[in-house]
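Order of the sequence lines sets the chain letters (A, B, ...), proteins ahead of strands, with each chain counted from 1. A quick note: this is a predicted structure, and the numbers were derived from the prediction, not measured. Excluded from the calculations below are hydrogen atoms, water molecules and symmetry mates; all remaining heavy atoms, backbone and side chain alike, are included.
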Number of protein chains: 2
Amino acid sequence: MSIPRTAAAGVLPRIKVSRTGRQTPAVRVEHLLPIDQIVLGDCIESLRRLPSQSVDMIFADPPYNLQLENALTRPDNSHVDAVNDEWDRFDSFAEYDAFTRAWLAECRRVMKKTATLFVIGSYHNIFRVGSAVQDLGFWILNDIVWRKANPMPNFRGRRFTNAHETLIWASRSADARGYTFHYEALKAGNEDTQMRSDWYFPLCTGEERLKDAQGRKVHPTQKPEALVARALLAASNPGDIILDPFFGSGTTGAVAKRLGRRFIGLERDPVYAQAAQERIDNVVPLDADAVAAAPARRTEPRIPFLSLLEAGMIAAGEELVDAREKHRAIVRADGTLTVGPVVGSIHKVGALVQGHPSCNGWSFWHARRNNGLIAIDSLRDDYRARHAAP
Amino acid sequence: MSIPRTAAAGVLPRIKVSRTGRQTPAVRVEHLLPIDQIVLGDCIESLRRLPSQSVDMIFADPPYNLQLENALTRPDNSHVDAVNDEWDRFDSFAEYDAFTRAWLAECRRVMKKTATLFVIGSYHNIFRVGSAVQDLGFWILNDIVWRKANPMPNFRGRRFTNAHETLIWASRSADARGYTFHYEALKAGNEDTQMRSDWYFPLCTGEERLKDAQGRKVHPTQKPEALVARALLAASNPGDIILDPFFGSGTTGAVAKRLGRRFIGLERDPVYAQAAQERIDNVVPLDADAVAAAPARRTEPRIPFLSLLEAGMIAAGEELVDAREKHRAIVRADGTLTVGPVVGSIHKVGALVQGHPSCNGWSFWHARRNNGLIAIDSLRDDYRARHAAP
DNA sequence: CCTCCGCGTGAATCATCAA
DNA sequence: CTTGATGATTCACGCGGAG
């Protein structure tokens, strides 16, 4: 593997940006974009070399400015391996604010008028980020809470367990129209109720967590793919260009590739970039059928099937069958099923293949597990047991 | 009912505040405080009349600066009764920021050094508030998410359901020590696990929601008592003075009275103040036993290890061991332990034999009793029980 | 083969009091 | 003010080895 030569910041052509606000149509600038590449270099400088109004979505995970002073130990006296990297150190709020406004302003310029921005942060930085987002003319659509299934406890018992992080989702301006939001698909994957602003996911651990040859984590703050996937499924379409100005371990790129999106990753650390490239090279994209946006049409009741995918209990692209294995369907990434040209909820597709007016997809469909079949209903039970939340 | 005359802003005595930072001890200023009263008038002016370092906790629910442009209708074309009051209109972010910094700065002055502040808001204003909190020198302890059990749906299907609000919990400064946090009590009431930063409560509806004679809600943003109660139970003690600079319908006062706290409410709208006063008058305080905080371990009197020897509960020359009996030490008559040539406190020797930087000797060392091991910590409990002050 | 248990660890602004 | 002594404090998972 190597970082593509064209991806080096110094090789990227400098783009002329009109001062009048008139921009080259997006389709004409695509050949100027380092699509599906990792651009090595300072993120603000790299952003300046990207043409205006050229990307469809941005997912940004900037430094949090944690301001950690002292070492922290667990009650058993073991050492907590905290984020103490050079890239997370800023001398003051003013310096952090200036940095934040600089990269956000460039991001806004690079966004198509219909694009939206996600930024993730914690209480250390998210208020600075949110104020900057508003001051720069973005329009906040939602703030979203990532509730962590397994957060680190508060070892000293002096505060509440810091059990969540916050994402800001914003359009380019208050009057931006036509941004992508797959309301229907999200609803179908959420017990047929609207997807809420509080999301529940485990941390990125285990197999998913990138490790180096010595078994150490490659990046201190690698985000779970499920979190990024929900953002991309909600607010982008297959083929869209997703920009991540703080690419790190490349979660955005890996998820984008898997879901049939394209990506542009900016990263200044060659070690991170190398690890990200190898990771992405190993990603196998899902079939187009599995990621094509479901028709945004009011349909029959659908159920919380998406959560099982997000939890990794069912894989996008996996085949489901009925108990007698007479019928087959493919799971799509957004929590719908497909049989040939038909796309719909587990219930609707179950009814259709049987020629019945209705069907309980939870009891009808089965997944292959351990050389046998298991009703997805019992997978749902497992999920409930694992993720029981009030 | 009437608003107490002494509570009118114009009647409150102007307090002289030393510029040197030296302040009158809190106990001396209590008689200058409008305790358990609602102060009518502009909140910033009223705050200026309160003495410095005089309140134990602040719960603030400021205007959200909602920026609602057009009327919103539900899918059935019914009208959504949104917050559109004069007090929630600001011409710009700059104006809202100036207002926010003014009331927050006064709040900080009024807080005792051990006091903490809660502010609640939504994505419309919380980033402005959070930045101001940080800029003014507060130290954020947590951000907390109120997850709404029954949020209003997004009627247009263009965004995620806005299903949460955010609270910021902050101490007066980064080096503030001794703030109240009832860690053990919260843990005991939460399945014996730490209370997390994501809280789940229903909206304030039904009986709890104040209505006027025509059945209309008195206040557009009345908060649920359960939410305020958790904040007060977590970060205040019975008898503490809780300040609410945006008193509104008086939820903070009602909860404070019920939980045996005292309150100061600032409110500029006489209609809200009147409704709040009537509401609070009807609150019956809980028995003192029901609100007394369970004694936290760290607040219990310190017992020197020597006292256990003096009480005959441990004998000089006796052997202590750790729970797995891997380490042994001999008790010396002066209350120190010895292992070979080493002599030191129960903590020092415990740390040393384990090779740790520190150790809680009380939980590490065990004595042999009745053919088993008993932590010296439980001997200490016995000692405390025997020698408890009446 | 499975189960149990110990160990490691995660974006963390993580103590208080007396001298 | 600093310094040093005391002593309080963890949840959910994944993994690997023991039984």
Does [X] place a side-chain N or O at less than 4.0 Å from the phosphate oxygens OP1/OP2 of [N]?
| X | N | result |
| --- | --- | --- |
| B/R380 | D/dA8 | yes |
| B/H347 | D/dG7 | yes |
| A/N162 | C/dA12 | no |
| B/K348 | D/dA5 | yes |
| A/Y64 | C/dA12 | no |
| A/R156 | C/dA15 | yes |

Legend entry - Residues forming a salt bridge (Lys or Arg N to Asp or Glu O under 4.0 Å) with A/D61, sequence neighbours excluded: A/K223

Send over the distance from [X] [atom1] to [N] [atom2], rounded to a whole Å.
| X | N | atom1 | atom2 | answer |
| --- | --- | --- | --- | --- |
| A/D76 | C/dG10 | CG | P | 14 Å |
| B/D175 | D/dT2 | CG | P | 10 Å |
| B/H182 | D/dA8 | NE2 | C1' | 17 Å |
| A/F155 | C/dG8 | CZ | P | 14 Å |
| A/L72 | C/dG10 | CG | C1' | 12 Å |
| B/E300 | D/dG7 | CD | P | 12 Å |
| A/M152 | C/dA12 | CE | C1' | 6 Å |
| B/K113 | C/dA15 | NZ | C1' | 18 Å |

Ion pair present between [X] and [Y], side-chain N to carboxylate O less than 4.0 angstrom?
| X | Y | answer |
| --- | --- | --- |
| A/E86 | A/R268 | yes |
| A/R147 | A/D198 | no |
| A/E165 | A/K148 | yes |
| A/D212 | A/R216 | yes |
| A/R279 | A/E225 | yes |
| B/R297 | B/D381 | yes |

By the 4.0 Å heavy-atom rule, please label [X] as base, sugar-phosphate, or nothing.
| X | answer |
| --- | --- |
| B/R324 | sugar-phosphate |
| B/R196 | nothing |
| A/R159 | base |
| A/N70 | base |
| A/W146 | nothing |
| B/S345 | sugar-phosphate |
| A/E69 | nothing |
| A/R74 | base |
| B/I140 | base |
| A/N125 | nothing |
| B/C359 | base |
| B/E191 | nothing |

Gap in Å between the two [atom1] atoms, one belonging to [N] and one to [M], rounded:
| N | M | atom1 | result |
| --- | --- | --- | --- |
| D/dC15 | C/dA11 | C1' | 23 Å |
| D/dG7 | C/dC14 | P | 23 Å |
| D/dT10 | C/dT9 | C1' | 11 Å |

Among [options], the nucleotide that comes nearest once only the side chain of [X] is considered:
| X | options | result |
| --- | --- | --- |
| B/N360 | D/dT10, C/dT16, D/dA8 | D/dA8 |
| A/P75 | D/dG14, D/dT9, D/dC11 | D/dT9 |
| B/E184 | C/dA11, C/dA12, D/dT9 | D/dT9 |
| B/Q194 | D/dC11, D/dT9, C/dT16 | D/dC11 |
| A/D88 | D/dG14, C/dA11, D/dT9 | C/dA11 |
| A/R158 | C/dT16, D/dT9, C/dG10 | C/dT16 |
| B/S358 | D/dC11, C/dT16, D/dA8 | D/dA8 |
| B/K187 | C/dA12, D/dT10, D/dT6 | D/dT10 |
| A/E165 | D/dA8, C/dA12, C/dA11 | C/dA11 |
| B/W362 | D/dC11, C/dT16, D/dG7 | D/dG7 |

Legend entry - Summary of side chain to side chain donor-acceptor pair (under 3.5 Å) pairs that have at least one residue in residues 330-343 of chain B, sequence neighbours excluded: B/R332-B/D334, B/R332-B/T336, B/D334-B/T336

Side-chain donor-acceptor pairs under 3.5 Å in residues 68-75 of chain A, sequence neighbours left out?
residue: A/T73; atom: OG1; partner: A/R156; partner atom: NH2; Å: 3.2
residue: A/R74; atom: NH1; partner: A/S78; partner atom: OG; Å: 3.3
residue: A/R74; atom: NH1; partner: A/H79; partner atom: O; Å: 3.3

Legend entry - Secondary-structure stems for DNA chain C, with pairs counted as Watson-Crick or G-U when both distances are under 3.5 Å and runs at least 3 long: C:2-10 with D:11-19, C:15-19 with D:2-6

Legend entry - A/Y96: partners by ring pair (Phe, Tyr, Trp, His ring centres under 6.0 Å), with sequence neighbours left out: A/F90

Legend entry - Parallel, tilted or perpendicular: rings of A/F201 and A/W199 (30°, 60°): perpendicular

Inset, instruction - Test A/R369 against A/E318 for salt bridge (charged side-chain N to carboxylate O under 4.0 Å, His left out), laying out the working first. - result: CA-CA 11 Å; A/R369 294 288 183 279; A/E318 181 174 351; 2.6 Å; yes

Inset, instruction - Identify, between A/T73 and A/N150, the residue whose nearest nucleotide on DNA chain D lies closer to the 5' end. - result: A/T73

Legend entry - Which residue lies more 5' along DNA chain C, comparing A/V80 with B/R177 via nearest heavy atoms: A/V80

Inset, instruction - Verify whether the ring centers belonging to A/F246 and A/W87 lie closer than 6.0 Å. - result: no

Legend entry - Residues from residues 208-227 of chain A lying under 4.0 Å of DNA chain D - heavy atoms: none

Legend entry - B/E191 CD: over 12 foreign heavy atoms closer than 6.0 Å: no

